[in-house]
Amino acid sequence: MKKTALITLGRLPKGLDVARALTAAGWRVIVAEPFPWHLMRASRAVEASFQVAAPNDDLDQYLDDLLRIIREQDVSLIVPISEEILPVVQLHDRLPESVRLFCPEPEEIHRVHDKLAFSRLAREFGLPVPDTADASEEAAGKIAQGGRFVVKPALSCSGIGVEIRDAGALEEVRPGDIVQAFLPGEHLSTFAIAHNGRVLFNVTYRGTIFSGTVAVAFQRVDDATDVDEWVAAFAEKARWNGFLSFDFIRDEAGRALAIECNPRVTSGVHFVSAAGLASAILSPEDCDDVQFKDATELQQFWPCLTEVQGSAFSGVGPGSTFRRYAQVLTQAKDVTWMANDPLPLLTMPLTSYPILRRTIFNGESFGEASTRDIALFSERAPAPGSAGAAGS
């Protein structure tokens, strides 16, 4: 009899990669999702989909819905995908011993999700990060006077609330904001899985088309040894288990500095082979030599199409954003398409309508539209028992 894995979000292509990998490894995959229709519901890799309350609407009901599914469907493995990891991690003490939740303990999640706590933790580990401070601290004023700087919520995702300001302009910050030195340079992202502090694989990539601040097309970077070493050092010192992702800036001096941590799946998962991804999740203690897919340039077709259409208004001449985006659209492989599982891509305009409607008619970025009902970032508290956690 097949074991059952529960994936706790069905709307994003990165979750589909996980579902396909687990199904190919012989598992039965089911999905819990607040949307009644979603991307993964159309996939042959998913046996059943269950609608649950949105955690931002009713957190207690959301957790109760998950526990009911786990009990009734005899779930053995739970895999969070995106920002819903923050409420899902609260199940740790409520699960039967036979159920494995693929993420660290709550205090570990919170001390890296909180952008100020993460910065302090990385410095404690001796790893380079930009100068960062709570907006209410004296140190924030010094950062602001030193040149351009970034203001953003300590608890946020998908670039929501991020502002780049000129030197000295520290007025009108929100409670819970942090101030971070702005670093000009190349923006790189990573996706890794670690087990007991050992990185099983790490993918470094750069965005080539963006919806707001979220990349919807990406290119793998294979010559980022310094980034690989940074990720490996952090994972080892934190004794990390599970998904581990970072955003980096490689500054003008060539240094790679991590600007924030995302303890979840990111788009780098699309570069990992199904067999390697399944091995890293199902048997991390025995996982070695994870292989990447052959494709080094990938896209999410429908969001990219929207961005290409929008860029046409800024001109279509040689060297224009439209030409560059159109080239990516016509040459990069779509992350969702599989010949033996075609419906997720073909039906995406319908199954992703709740997201696409917000991007087209409300002007929201793809990242904001896809996470607003699942991301918990309204409160800020120190991570229990963690060093360097920031107070409210």
Kindly state each residue pair satisfying salt bridge (Lys or Arg N to Asp or Glu O under 4.0 Å) with at least one member in residues 353-362, sequence neighbours excluded.
none
D93, CG: over 12 other non-hydrogen atoms inside 6.0 angstrom
no
Any Lys/Arg nitrogen of D226 or R250 sitting under 4.0 Å from an Asp/Glu carboxylate oxygen of the other?
yes
Is V29 linked to M338 within one hydrophobic cluster, defined over Ile, Leu, Val, Met, Phe, Trp and Tyr using a side-chain heavy-atom separation of less than 4.5 Å?
no
Can you tell which of T266, T296, T190 makes a side chain to side chain donor-acceptor pair (under 3.5 Å) with Y205?
T266
In one Ile/Leu/Val/Met/Phe/Trp/Tyr side-chain cluster, 4.5 Å: M40, L77
yes
For residues 223-244, which residue pairs qualify under ring-ring contact (aromatic ring centres under 6.0 Å, His included), counting only residues two or more places apart or in two chains?
F102-F243, F118-F234, F125-F234, F191-F243, W230-F234, W230-F246, W230-F248, F234-F246
Run the side chain to side chain contact (heavy atoms under 4.5 Å, CB included) test on R206 and E186 for me, step by step, so that the C-alpha distance in whole Å, both residues' side-chain angles and the decisive distance to 0.1 Å come before the verdict.
CA-CA 8 Å; R206 61 171 64 92; E186 181 182 25; 2.6 Å; yes
With no hydrogens and no angle check, just 3.5 Å: does a side-chain donor-acceptor pair link T371 and E83?
no
Quick one: closest heavy-atom pair of A217 and V328, and the distance?
CB-CG1, 3.7 Å
Which word best sums up how the rings of F201 and F292 line up, parallel for under 30°, tilted for 30 to 60°, or perpendicular for over 60°?
perpendicular
I'd like to know if the side chain of K14 and the backbone of S82 have a donor-acceptor N/O pair within less than 3.5 Å.
no
Nearest heavy-atom approach of P13 to V335 is CB-CG2, 3.8 Å
Flag, side chain of R11 to backbone of S370, donor-acceptor distance under 3.5 Å:
yes
CG on L121 to CG on L116, rounded to 0.5 Å:
11.0 Å
Which atoms form the tightest heavy-atom contact between V227 and A256, and what is the distance?
CG2-CB, 3.9 Å
Side chain to side chain contact (heavy atoms under 4.5 Å, CB included) between F301 and M348, intermediate numbers included
CA-CA 10 Å; F301 173 75; M348 193 182 290; over 6 Å; no
Is Q61 reaching over with its side chain to a backbone N or O of A53, donor-acceptor style, under 3.5 angstrom?
no
Donor-acceptor contact below 3.5 Å, side chain H92 vs main chain P104
yes
Donor-acceptor pair, distance only, cut-off 3.5 Å: does the side chain of N241 make one with the backbone of H195?
no
If you count heavy atoms of other groups shown closer than 6.0 angstrom to CD of E138, is the number above 12?
no
Do H187 and I249 have side-chain heavy atoms sitting under 4.5 Å apart?
yes
Tell me whether D288 is salt-bridged to R198, with the criterion being a basic N under 4.0 Å from an acidic carboxylate O.
yes
Less than 4.5 Å apart, side chain to side chain, heavy atoms only: is that true for L155 and L86?
no
Heavy-atom pair with the smallest gap, counting every atom of T208 and Y325:
O-CE1, 3.7 Å
For E163 and R174, what are the C-alpha separation, side-chain angles and deciding distance, and is it a salt bridge (Lys or Arg N to Asp or Glu O under 4.0 Å)?
CA-CA 12 Å; E163 303 174 42; R174 299 153 299 218; 3.4 Å; yes
Please determine whether residues V52 and L91 belong to a single hydrophobic cluster, defined as Ile, Leu, Val, Met, Phe, Trp and Tyr linked transitively by side-chain heavy-atom distances below 4.5 Å.
yes
Under 3.5 Å, side chain of R41 to main-chain N/O of V46, donor-acceptor pair present?
no
So which atom in G207 and which in A215 form the shortest heavy-atom distance, rounded to 0.1 Å?
CA-CB, 3.8 Å
Return yes if a side-chain donor-acceptor contact under 3.5 Å exists between T4 and R28, otherwise no.
yes
Does the distance from a Lys or Arg side-chain N to an Asp or Glu carboxylate O, for D294 and R220, drop under 4.0 Å?
no
Are any of the side-chain heavy atoms of R264 and C103 separated by less than 4.5 Å?
no
Heavy atoms, side chains only, cut-off 4.5 Å: are F35 and T351 in contact?
no
Short question: side chain of E105, backbone of E107 - any donor-acceptor pair under 3.5 Å?
no
Flag side-chain contact, heavy atom, 4.5 Å: S352 against Q300
no
Check whether any side-chain N or O of T321 sits under 3.5 Å from a backbone N or O of S311 as a donor-acceptor pair, and report yes or no.
no
For T306, check side-chain hydrogen bond (donor to acceptor under 3.5 Å, both in side chains) against everything at least two apart and list the hits.
none
Quick one: pull up CD1 in I178 and CD in E137 and give me the separation to the nearest 0.5 Å.
10.5 Å
Output yes when a side-chain donor or acceptor of Q51 lies under 3.5 Å from a complementary backbone atom of P34, and no otherwise.
yes
Residues G168 and F149: closest non-hydrogen pair is N-CE2, 3.9 Å
Does L345 offer a backbone N or O that forms a donor-acceptor pair with the side chain of W302 under 3.5 Å?
yes
Hey, is CD on E172 packed in by over 12 heavy atoms from elsewhere, all under 6.0 Å?
no
Given side chain to side chain contact (heavy atoms under 4.5 Å, CB included), test L277 with I193 step by step and report yes or no.
CA-CA 9 Å; L277 183 60; I193 293 181; 4.0 Å; yes
Using a strict cut-off of less than 4.0 Å between a Lys/Arg side-chain nitrogen and an Asp/Glu carboxylate oxygen, indicate whether R111 and E124 qualify as a salt bridge.
no
Could you go through R94 and L63, starting from their C-alpha distance and side-chain angles, then the distance that decides it, and tell me whether this counts as side chain to side chain contact (heavy atoms under 4.5 Å, CB included)?
CA-CA 10 Å; R94 302 175 63 181; L63 296 175; 3.8 Å; yes
Between the CG atom in N56 and the CG atom in D373, the distance rounded to the nearest 0.5 Å is 7.0 Å
Roughly how far, to the nearest 0.5 Å, is the OG atom of S279 from the CG atom of D289?
10.0 Å
Does a side-chain heavy-atom distance below 4.5 Å link F50 with D65?
no
To the nearest 0.5 Å, tell me how far I78 CD1 sits from I70 CD1.
3.5 Å
Report yes or no: do L12 and V269 belong to one cluster of Ile/Leu/Val/Met/Phe/Trp/Tyr joined by side chain heavy-atom distances under 4.5 Å?
yes
Less than 4.0 angstrom from a charged side-chain N to a carboxylate O is my criterion; do K152 and E260 meet it?
yes
Would you compute the distance between atom CG of D17 and atom NZ of K293 and round it to the nearest 0.5 angstrom?
4.5 Å
Heavy-atom check, side chain of R239 versus side chain of N196, under 4.5 Å:
yes
Report yes or no: do V214 and L298 belong to one cluster of Ile/Leu/Val/Met/Phe/Trp/Tyr joined by side chain heavy-atom distances under 4.5 Å?
no
Side-chain touch E108/P106, heavy atoms, less than 4.5 angstrom
no
